[in-house]
Amino acid sequence: MASKTTNSAIEALERRHTAERAALKAATDAGAVVRRAQERRAAELARLDEVVADAERGADVALAVLASLMAADVAAVLMQETPARVRLGQQRAPVEEVNARVSELSDGAPPARRRGRPRGSGRSGGGTASAGSAPVAGAASSSGGSGDPAAAGVGGAAAFSEGR
């Protein structure tokens, strides 16, 4: 009787070992598939990162060229970018590449460098407007003459806060 019990126990152990070996092989194979997929993903991400970096370099050069040919803030508005993004493009773009592209576009004529504000911007003290003719802030909204609902709302809030 003991040999039948021993034999059945041995058979059960063999079945268990066979199941364990099959499970171990399946887990090892699955782990290898995951590692290969991770390696493929890393390779694809590296390739895509390079594509994005090339595109960003091209965009930086294009922004820098545009900002060289016109005011940077105007270029930002036209490109629907922030002025900070245009400045970043100007800083990151290679100067030689920008200058070469500007020369191609402008037939070799160097771009005009702009300094300061344009004439008539109202910043200087010697403008055409006299000190007495300058409109007082909030005057249009308190009389209701501006017609701008946002200005009327701002003026109304200012009048309300003065009463506190």
Side-chain angles (χ1 to χ4, degrees), residues 1-118 121 123 137-138 141 146-161 164:
M1 198 66 150
S3 65
K4 278 188 175 181
T5 306
T6 304
N7 287 341
S8 64
I10 289 173
E11 288 174 3
L13 280 175
E14 286 175 350
R15 283 192 306 267
R16 181 175 175 147
H17 285 305
T18 303
E20 287 174 350
R21 280 191 294 264
L24 178 63
K25 182 175 178 353
T28 304
D29 292 346
V33 168
V34 168
R35 280 189 298 281
R36 282 193 304 271
Q38 288 172 336
E39 289 169 1
R40 281 195 321 265
R41 180 182 64 187
E44 276 297 306
L45 283 176
R47 187 186 66 79
L48 290 174
D49 285 345
E50 186 60 34
V51 169
V52 168
D54 287 343
E56 285 177 342
R57 280 190 290 273
D60 288 341
V61 169
L63 281 173
V65 167
L66 185 62
S68 294
L69 296 173
M70 64 176 55
D73 58 339
V74 174
V77 170
L78 288 174
M79 292 300 300
Q80 297 178 349
E81 294 281 356
T82 62
R85 173 65 181 102
V86 173
R87 286 191 302 273
L88 180 67
Q90 287 176 305
Q91 292 170 359
R92 292 194 310 190
V95 174
E96 306 83 31
E97 198 172 336
V98 172
N99 289 340
R101 185 69 179 137
V102 168
S103 293
E104 286 176 22
L105 293 174
S106 62
D107 296 328
R113 298 288 180 210
R114 294 170 182 87
R115 291 188 180 157
R117 294 186 172 268
S121 66
R123 193 82 201 268
S141 64
S146 74
D148 184 14
V154 170
F160 178 75
S161 64
R164 286 189 182 183

Undergrad: Can you confirm whether M79 sits close enough to L63 that some side-chain heavy atom of one is under 4.5 Å from a side-chain heavy atom of the other?
TA: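 A side-chain contact exists here, since the closest heavy-atom pair is under 4.5 Å.
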Undergrad: Are any non-hydrogen side-chain atoms of H17 and E14 less than 4.5 angstrom apart?
TA: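 No, their side chains stay 4.5 Å or more apart.
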Undergrad: In the structure I gave you, are the side-chain heavy atoms of V34 and E39 within less than 4.5 Å of one another anywhere?
TA: no
Undergrad: Could you tell me which non-hydrogen atom of A64 sits nearest to which non-hydrogen atom of V98, and how far apart they are?
TA: CB-CG2, 3.6 Å
Undergrad: Please tell me if the side chains of T28 and K25 come closer than 4.5 Å, counting only heavy atoms from C-beta onward.
TA: no
Undergrad: Say you draw a straight line from CD of E20 to CG of L13; how long is it, rounded to the nearest 0.5 Å?
TA: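 Nearest 0.5 Å value for the CD-CG distance: 9.0 Å.
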Undergrad: When rounded to the nearest 0.5 angstrom, what distance separates OG1 in T82 from CG in D73?
TA: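 T82 OG1 to D73 CG: 12.0 Å, rounded to 0.5 Å.
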Undergrad: In Å, rounded to the nearest 0.5 Å, how long is the span from CG of D60 to CZ of R85?
TA: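 One finds 4.5 Å between CG of D60 and CZ of R85.
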Undergrad: Once rounded to the nearest 0.5 Å, what's the spacing between atom CZ of R47 and atom CG of D49?
TA: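 Here the interatomic distance stands at 10.5 Å.
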Undergrad: Between R40 and E44, does any side-chain N to carboxylate O distance fall below 4.0 Å?
TA: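 Looking at R40 and E44, the cut-off is not met.
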Undergrad: So how far is it from R92 CZ to E56 CD, rounded to the nearest 0.5 Å?
TA: 5.5 Å
Undergrad: When rounded to the nearest 0.5 angstrom, what is the spacing between CZ in R15 and CD in E11?
TA: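 Answer rounded to 0.5 Å: 6.0 Å.
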Undergrad: Could you check if a side-chain atom of Q90 sits within less than 4.5 angstrom of a side-chain atom of R87, using non-hydrogen atoms only?
TA: yes
Undergrad: With side chains defined as the heavy atoms from C-beta onward, is the minimum distance between L69 and V102 less than 4.5 Å?
TA: yes
